[in-house]
Number of protein chains: 6
Amino acid sequence: MRPSGRNRDEMRSISIETGIVKHAAGSCLIRCGDTHVICTASLEERVPPWLRNSGLGWVTAEYGMLPGATSSRNRREATAGKQSGRTQEIQRLIGRSLRAGVDRPALGERQITVDCDVIQADGGTRCASITGGWVALALAVRSLMNAGEIKTNPLTSPILAVSCGIYGGQPVLDLDYAEDSVAGTDANFVMTGEKRLVEVQGSAEGATFARDELLALLDLAEIGCDRLAAAQQAALAG
Amino acid sequence: MRPSGRNRDEMRSISIETGIVKHAAGSCLIRCGDTHVICTASLEERVPPWLRNSGLGWVTAEYGMLPGATSSRNRREATAGKQSGRTQEIQRLIGRSLRAGVDRPALGERQITVDCDVIQADGGTRCASITGGWVALALAVRSLMNAGEIKTNPLTSPILAVSCGIYGGQPVLDLDYAEDSVAGTDANFVMTGEKRLVEVQGSAEGATFARDELLALLDLAEIGCDRLAAAQQAALAG
Amino acid sequence: MRPSGRNRDEMRSISIETGIVKHAAGSCLIRCGDTHVICTASLEERVPPWLRNSGLGWVTAEYGMLPGATSSRNRREATAGKQSGRTQEIQRLIGRSLRAGVDRPALGERQITVDCDVIQADGGTRCASITGGWVALALAVRSLMNAGEIKTNPLTSPILAVSCGIYGGQPVLDLDYAEDSVAGTDANFVMTGEKRLVEVQGSAEGATFARDELLALLDLAEIGCDRLAAAQQAALAG
Amino acid sequence: MRPSGRNRDEMRSISIETGIVKHAAGSCLIRCGDTHVICTASLEERVPPWLRNSGLGWVTAEYGMLPGATSSRNRREATAGKQSGRTQEIQRLIGRSLRAGVDRPALGERQITVDCDVIQADGGTRCASITGGWVALALAVRSLMNAGEIKTNPLTSPILAVSCGIYGGQPVLDLDYAEDSVAGTDANFVMTGEKRLVEVQGSAEGATFARDELLALLDLAEIGCDRLAAAQQAALAG
Amino acid sequence: MRPSGRNRDEMRSISIETGIVKHAAGSCLIRCGDTHVICTASLEERVPPWLRNSGLGWVTAEYGMLPGATSSRNRREATAGKQSGRTQEIQRLIGRSLRAGVDRPALGERQITVDCDVIQADGGTRCASITGGWVALALAVRSLMNAGEIKTNPLTSPILAVSCGIYGGQPVLDLDYAEDSVAGTDANFVMTGEKRLVEVQGSAEGATFARDELLALLDLAEIGCDRLAAAQQAALAG
Amino acid sequence: MRPSGRNRDEMRSISIETGIVKHAAGSCLIRCGDTHVICTASLEERVPPWLRNSGLGWVTAEYGMLPGATSSRNRREATAGKQSGRTQEIQRLIGRSLRAGVDRPALGERQITVDCDVIQADGGTRCASITGGWVALALAVRSLMNAGEIKTNPLTSPILAVSCGIYGGQPVLDLDYAEDSVAGTDANFVMTGEKRLVEVQGSAEGATFARDELLALLDLAEIGCDRLAAAQQAALAG
C-alpha cells in the first residue's frame, strides 16, 4: 500500500501551464502532484568558447530550489557561496538529457539555457525538471522558427523522465517524497518519445537490486513516460 | 504621459495570493503589475548566536531572482558563487523593514526567515518583496498563535513599501521598469499602516533633487501605501 | 544632553590633510572627530567594459576598515574571503554620491577609483568617506587638468555628507558612535554645495519616525554640510 | 575492431598493489591498463554531526586527479578554488557504492574516508576508484579487527565497478579513453560479488539506446566484475 | 651609486609614532623612508582551539596594503575574495618573527593579533611591518602589565628586521623600491636585539650568490638592526 | 643520537624513478627516505599575459599533498576551496628555485608547469619537490630539444635542495619528520650544481640561532647537495 493510496503503476496528477514568465523565450510551470517546478528557456546568440565556429548549438541547464520549497527550509545556495554537489549533478543530468532530443547542427550556433527552479518539492524534482524543461525548450525553439531564424526543426524527439523505485518490496511508479525517503532502490529513467533510453540512473539506497528488478522498474517507467508525453503534447498544443 | 498610461498617482494592479507553498509556515505570491514575487516565511526554534538567552526573537530576509525573471537572463547567483552587492543591500532592507513591525520580546526566542524570490521583474521588486513578505510573516505568526506557542500578538503594525520617482520632470507613483530605468530620481518609502516612516531611500540616479520634490514623492507614497494596506488586509482576511 | 557635550546642531571638529600618499593622483586624511579615513583617488586610462567607446568617464569607490579601527578588532575582509553586505552597501553609496558631482562626458573615457579606508572609527564613517573622497577626487581631476589631459572641468559641484539622528527624542547633527549605537532613527544625507539632495537614507533603527522628524533632520544636515563645504574648500585651497 | 586490439568482452590488465602509503590504515595502487589510481582509507573515531549517538558508522570518499594525469595538463582544483561538478558527482558515486558493501551498525560510530587520486588517466577512472577503494577500505577494516576494535566483520560483500559502452555499434567491455571519447553510449555498473546491482549509470552520450543494448552491456559487466573480484581477492590475500 | 644617493651601509630615515589609533591596545605608524605602515596590536582573552588549556599564549599577524599605496593601484584583496600567496607568506613571516621574542607561558592563555597595513610602499614593507609590529606588540603587553593581568614580562628581546641585497654588484643595506626591483639578490634578516638570528630569507632574484656574499649582507643587516633598535627604544620610551 | 640512527652528515636513501606518468613531457617519482613525491612537467606553447611578445619562457610550479600522505589525514585543499598559505609559500619557492637554473630567453616563449604532489610525507617535502622537479623539468626540456623545437639548451645548472637543522643542539643534515617537528632551527638551502646559493630560508622554530650555526648548516647542505646531484645525474642518464 502506497502512502498516497496510488496503484503501483499510477502516476501523480500532472499539469503543465505554459507562458508563465513573460520575458523568457519559453516557460512553464509543471506540477507533478505536489512537486512544482518553474522552467524557463532563455536564448543567447552565442555559444561557449569551445563551440565557436563549429556550427553547432548548445543546450544547457541550471537547477535550483527555493528555500521555502522543502518541509524544513533549505539553505539558499547563493548565500552558501556555491552549488552543492547534488545540485550540480542534477543540472548536468538535465542538460545531457535535453541535448539528446536536439539536432545541434540544425539549432545553429546559439545557446539555450533552461532554468529549472523548484517552488515546492515532494520527490521527483529532477524528473519534473527534465519533462517541464523540454516544454520550455520546445517553446523557445518554436519562437525561433516563427521568427524565421531556424529553418529546420532541431527537435528530434520529446524527452521525458520519471523515477521508479522498490518500495515495501514492490516496484512502484513515480515516487513521491514519502516513498523516496525510504525506498531501497531508486531509479530515474529518461526516455525519448519512442521509448529509447537517454539516461538510466539506478541506485541502491538501502538494498542492492537484481537484474529483474531493474527491468520491472523500466517497465513502469515506460508506462509513466506515455502519460508525461501526453501532458507535454497537450501543453504545447494549448 | 507615463509609458503605461497610468495617472501620476496611480498604482499598478495588485494581487496577493496566499498559501501557495505548502511547506512554509506562511507564503504568498504578490503581483504588482508585471512584478511577481514568491514570499515564504519559515520558522526556526532558535536564534542567531548573539541573541541566545536574550528572550528576543529575530526576523531576517533573503532575496533572490530567478534567472528567467528579467528581459535578458540574469546570472544565477549560486553559480556565480556569491550574492551581488545589490542583492545583499535589498535583503538587508527587507529584514530591517519587517522587524520594524514586530515586537521582538513578544515573538520570543525564535527566528522567522522571509524569503522573497522574484519570478518576474518589472520594477519595484524590493518594495513588492517587503509588502508581500509582511503577509508571509503575518501568516507564520498566525500559525504560531493558533498553535498556542505565542500568547501576545508580536505584530505591531503592517509594513508597506512603494517606490516613487521623478519621471519626465514629474513626481509619479509606483515606478515600473520602463520608468525606473530612465527616472532622474528614485525613492523607496517603507511605512507602517499609520504612515510612520520606516525607511526612506532617495537617490539621484541622474539628477539631484530638491527638498520639495522629496516631499512630493512622500505624498504619493502615502497614497500608494493605503492601496497596499488594503490588499494586505484582503489577503489576510481571505 | 549629548555624550560629547555638543549642542544639537554642532558638528565634531573637522580636519582634512591632503597629499598624504605620494603615489595616488589625489589623497587626503579626513578627521571628523575620532573618525579618521584615508581617501585616495587613482586614475586609469580605461573604463569598465560596458562604457567602452561611449565617451563617458566613470567614478567608482571601494571602502574598507582596518582591523584595529574599532573598539574590538573587526575581522579583515580579505581573510574572510569576501566583503560584507554592509561594506558593499557603503561603497556603492560612496560611488553613486561622487558621480553626482561629475560631468562624465567632460571626464572622458577614463576611470577614477576612490578608496576610502577607515583608520579609526567613531561613527559616521560612510559620510566622512564621501566628504573626504570628494577631496581626493578633486585633486586627481586637478592633476589631469594641470597635465592638459582634460580641457573642461568635469566637477559640477562639491559633494558633502553627514549623518543625523533622533537621540534621546531630539534631532541631533553628526552622530558619533555613542549616539549612533542607541539612536532610534539614523539618517544619512548627501548633498551638493547648493544643498540639492543626492541621497537620503533614513532608517528606523529602533523607532519609526514622522515626516516632521525627517524634515528636522534635513534642516540639521544643511547646517552640517555648510561646515563640511568650508573644510573642503580650505583643504583644496591649501 | 577496438583501438587496443582487445576482444569485445576483454578487460584490460589489472594489478592491485597494496600497502603503498605507510600512514594510511589501508592503501593500494590499482592499475587498469593505463589508468592508475592511488586509493587510501583513513580512520577517524568520529562521525558527521547527523550520525552522532546513532551507533552507525560512515564511509565517505573523495576523488582527485593529479594535473599531469591527462594528455593535456588538467587544472588543479585546489588552485581553481573548488571541485568541479564532475569531481563531486564521481566522489558521491564512490561513497554510495562503497557503503553498499558495509554493515554500518557493525562498523560502529567511526568514519572511514577513502581517497582516490588518479595518477594517470586512460578512461574508467571512477570504476577503478571504486574497485581499488574497496581494497583500501577492506585493509582499514582488517586493521580495526586485528586491533580488536571491531568484533563483527562489517564488510558484507566486495564492491566492483566497470564501464561498458556501445563502440562502433557493438557493446564492448571496459572502455579505455580512445573508446570512451567516441562511444555513443557509456554505462557504469557497480555490483556486489554476488552480481547484485549497486549502481547503474547509463548515458546516451551521442546516441540513445534500446533496452536490449542495456542488457547486453550488463552481460559484459558481469564478466568484467568476475575478473575484478579475482584481482581484489588476490590483493587482499597477498 | 645608489638611486637615493645613500652610502652602501646607510639606512633610510626611520620614525615611529606611537598611539595613533585609540581603540587598539598598542599602535604605531612606522616610516622607513617612504615606506609607511600602520601597526596595531589587539588583545583577545582566548587562544586558537589547539592551544586551549595549554597555558600558552599566541601572537599572530595579518598584513595588508591599501590600494593607493603603490604607484599603480593594487587590487583590494577583500574584493578579489582572497589574500594572495605573497600576502600570506608575509604575514606568516611576521607572526613567526614576533613570536621569537615572546615567552608564551608568561603571556598566558591570550592572543595578541598584530595588524600591519601598508599606507605607502617603497620597498621593505615586510621588514618595516616586523619592526613596527614589535612596537605595537610591546605597547599592548605594557597595557596588560599595567593592568596587573600579567606578572612576568613575556617580552624576551626586541625583534628587528631589515632587507639587504646585491645592487649593481655591491652589497647594500635597506633596499628601497628602485633598488629592490632590479637587485640580483635580496635577503631579509630578522634578528633579536642581541643579533641572534630569527629568520634569514635570501633569494636569488636574478643571479645566484656565493657564501661570502650572504655573509656580507649579514654584516650590513647587523648595522641596520642597531639603528632600528634605537628607534624602537626611543618610541617606547616616548 | 638521531631517531633514525643516521650520522649528523648522513642523508636518507635517495631514489629517482623517471617516466612514471605517460602523458607528461617529463616525470619522476623521487623518494628521500619515506618522503615520496610525484613530479611532472607539462609543456604549454604560451606564456602568462605579462610575458607575451617578450621572447622569454616561464617555469612555474604547483604543490599538493594527497590526503593520505600524512599520519593523520590532511584535508584535501580542493574541498577546502583554497590552497593554504603554506602550500602557496612552498610552490612559490619551488618555482623561483627552478627558474634559477633556466635561461629563459633560450627556452623561448613557452611555459613549463612543474607539479609536485606528495604521496607520502616524512619531512623535507619541499626540498624533495625541488630536487625531483628539476629532473621532470630536465626531461621535458630534453623532449623539446629532441623534437628540434629548442636549439640551445636552456638549462644552465641543476638545482638541488636540502633541509638542515639544529636537533638536540647539534647541526644535522636532511631532517626527517621526527627531527623536523622538534628542531629548534630549520633551514632549507637551494643550490646550483656549483654550490652557488639560490635560496636560503632559515627559521628559528623554537630557538634563535647564531651566525656560526647558520654556517654549520650551510656546510652540511653542501654535502647533501653533492649526494642529490649524483642521484639526479643517474636518473637523467638512465
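Below, chains carry the letters A, B, ... as their sequence lines are ordered, and counting in each starts from 1. Only a predicted model underlies this, so the values are computations on that prediction, with no experimental measurement involved.
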Asks: Between C:Leu139 and C:Leu236, is the side chain to side chain contact (heavy atoms under 4.5 Å, CB included) condition met? List the steps.
Replies: CA-CA 7 Å; C:Leu139 290 169; C:Leu236 288 169; 3.8 Å; yes
Asks: So which residue, C:Ala25, C:Ala121, C:Cys39, ends up with the most heavy-atom pairs under 4.5 Å with chain E?
Replies: C:Ala121
Asks: Using the side chain to side chain contact (heavy atoms under 4.5 Å, CB included) rule, take C:Leu228 and C:Val162 through it: C-alpha gap first, then chi angles, then the decisive distance, then the call.
Replies: CA-CA 9 Å; C:Leu228 293 165; C:Val162 71; 4.1 Å; yes
Asks: Taking side chain as C-beta onward, heavy atoms only, is E:Leu175 less than 4.5 Å from E:Cys164?
Replies: no
Asks: Would you say C:Ile150 and C:Leu107 make side-chain contact, with heavy atoms under 4.5 Å?
Replies: yes
Asks: Say you draw a straight line from CD1 of E:Ile30 to SG of E:Cys127; how long is it, rounded to the nearest 0.5 Å?
Replies: 10.0 Å
Asks: Say you draw a straight line from CG of C:Leu137 to CD1 of C:Ile130; how long is it, rounded to the nearest 0.5 Å?
Replies: 12.5 Å
Asks: Between C:Ala24, C:Pro67, C:Ala41, who has the most heavy-atom pairs with chain E when the cutoff is under 4.5 Å?
Replies: C:Pro67
Asks: To the nearest 0.5 Å, what is the distance between CD1 on C:Ile112 and CG on C:Leu98?
Replies: 10.0 Å
Asks: Pairs of donor and acceptor atoms under 3.5 Å between chain C and chain E, please, with atom names and distances.
Replies:
unit_1: C:Lys22; atom_1: N; unit_2: E:Gln120; atom_2: OE1; d: 2.6
unit_1: C:Lys22; atom_1: NZ; unit_2: E:Asp34; atom_2: OD2; d: 2.8
unit_1: C:His23; atom_1: NE2; unit_2: E:Ala121; atom_2: O; d: 2.9
unit_1: C:Asp34; atom_1: OD2; unit_2: E:Lys22; atom_2: NZ; d: 2.8
unit_1: C:Glu62; atom_1: OE1; unit_2: E:Arg73; atom_2: NH2; d: 3.0
unit_1: C:Glu62; atom_1: OE1; unit_2: E:Arg76; atom_2: NE; d: 2.9
unit_1: C:Glu62; atom_1: OE1; unit_2: E:Thr79; atom_2: OG1; d: 3.2
unit_1: C:Arg73; atom_1: NE; unit_2: E:Asp115; atom_2: OD2; d: 2.6
unit_1: C:Arg73; atom_1: NH2; unit_2: E:Glu62; atom_2: OE1; d: 3.0
unit_1: C:Arg73; atom_1: NH2; unit_2: E:Asp115; atom_2: OD1; d: 2.8
unit_1: C:Arg73; atom_1: NH2; unit_2: E:Asp115; atom_2: OD2; d: 3.3
unit_1: C:Arg76; atom_1: NE; unit_2: E:Glu62; atom_2: OE1; d: 2.9
unit_1: C:Arg76; atom_1: NH1; unit_2: E:Asp117; atom_2: OD1; d: 2.9
unit_1: C:Arg76; atom_1: NH2; unit_2: E:Asp115; atom_2: OD1; d: 2.8
unit_1: C:Arg76; atom_1: NH2; unit_2: E:Asp117; atom_2: OD2; d: 3.1
unit_1: C:Thr79; atom_1: OG1; unit_2: E:Glu62; atom_2: OE1; d: 3.2
unit_1: C:Asp115; atom_1: OD1; unit_2: E:Arg73; atom_2: NH2; d: 2.9
unit_1: C:Asp115; atom_1: OD1; unit_2: E:Arg76; atom_2: NH2; d: 2.7
unit_1: C:Asp115; atom_1: OD2; unit_2: E:Arg73; atom_2: NE; d: 2.6
unit_1: C:Asp115; atom_1: OD2; unit_2: E:Arg73; atom_2: NH2; d: 3.3
unit_1: C:Asp117; atom_1: OD1; unit_2: E:Arg76; atom_2: NH2; d: 3.1
unit_1: C:Asp117; atom_1: OD2; unit_2: E:Arg76; atom_2: NH1; d: 2.9
unit_1: C:Gln120; atom_1: OE1; unit_2: E:Lys22; atom_2: N; d: 2.6
unit_1: C:Ala121; atom_1: O; unit_2: E:His23; atom_2: NE2; d: 2.9

Asks: Any idea which heavy atoms bring E:Ala100 and E:Val198 closest together, and the distance?
Replies: CB-CG1, 3.5 Å
Asks: Tell me, side chain or backbone of E:Ala69 under 4.5 Å from chain C's heavy atoms, or both, or neither?
Replies: backbone
Asks: Under 4.5 Å heavy-atom distance to chain C, tell me which part of E:Ile38 shows up: side chain, backbone, both or neither.
Replies: side chain
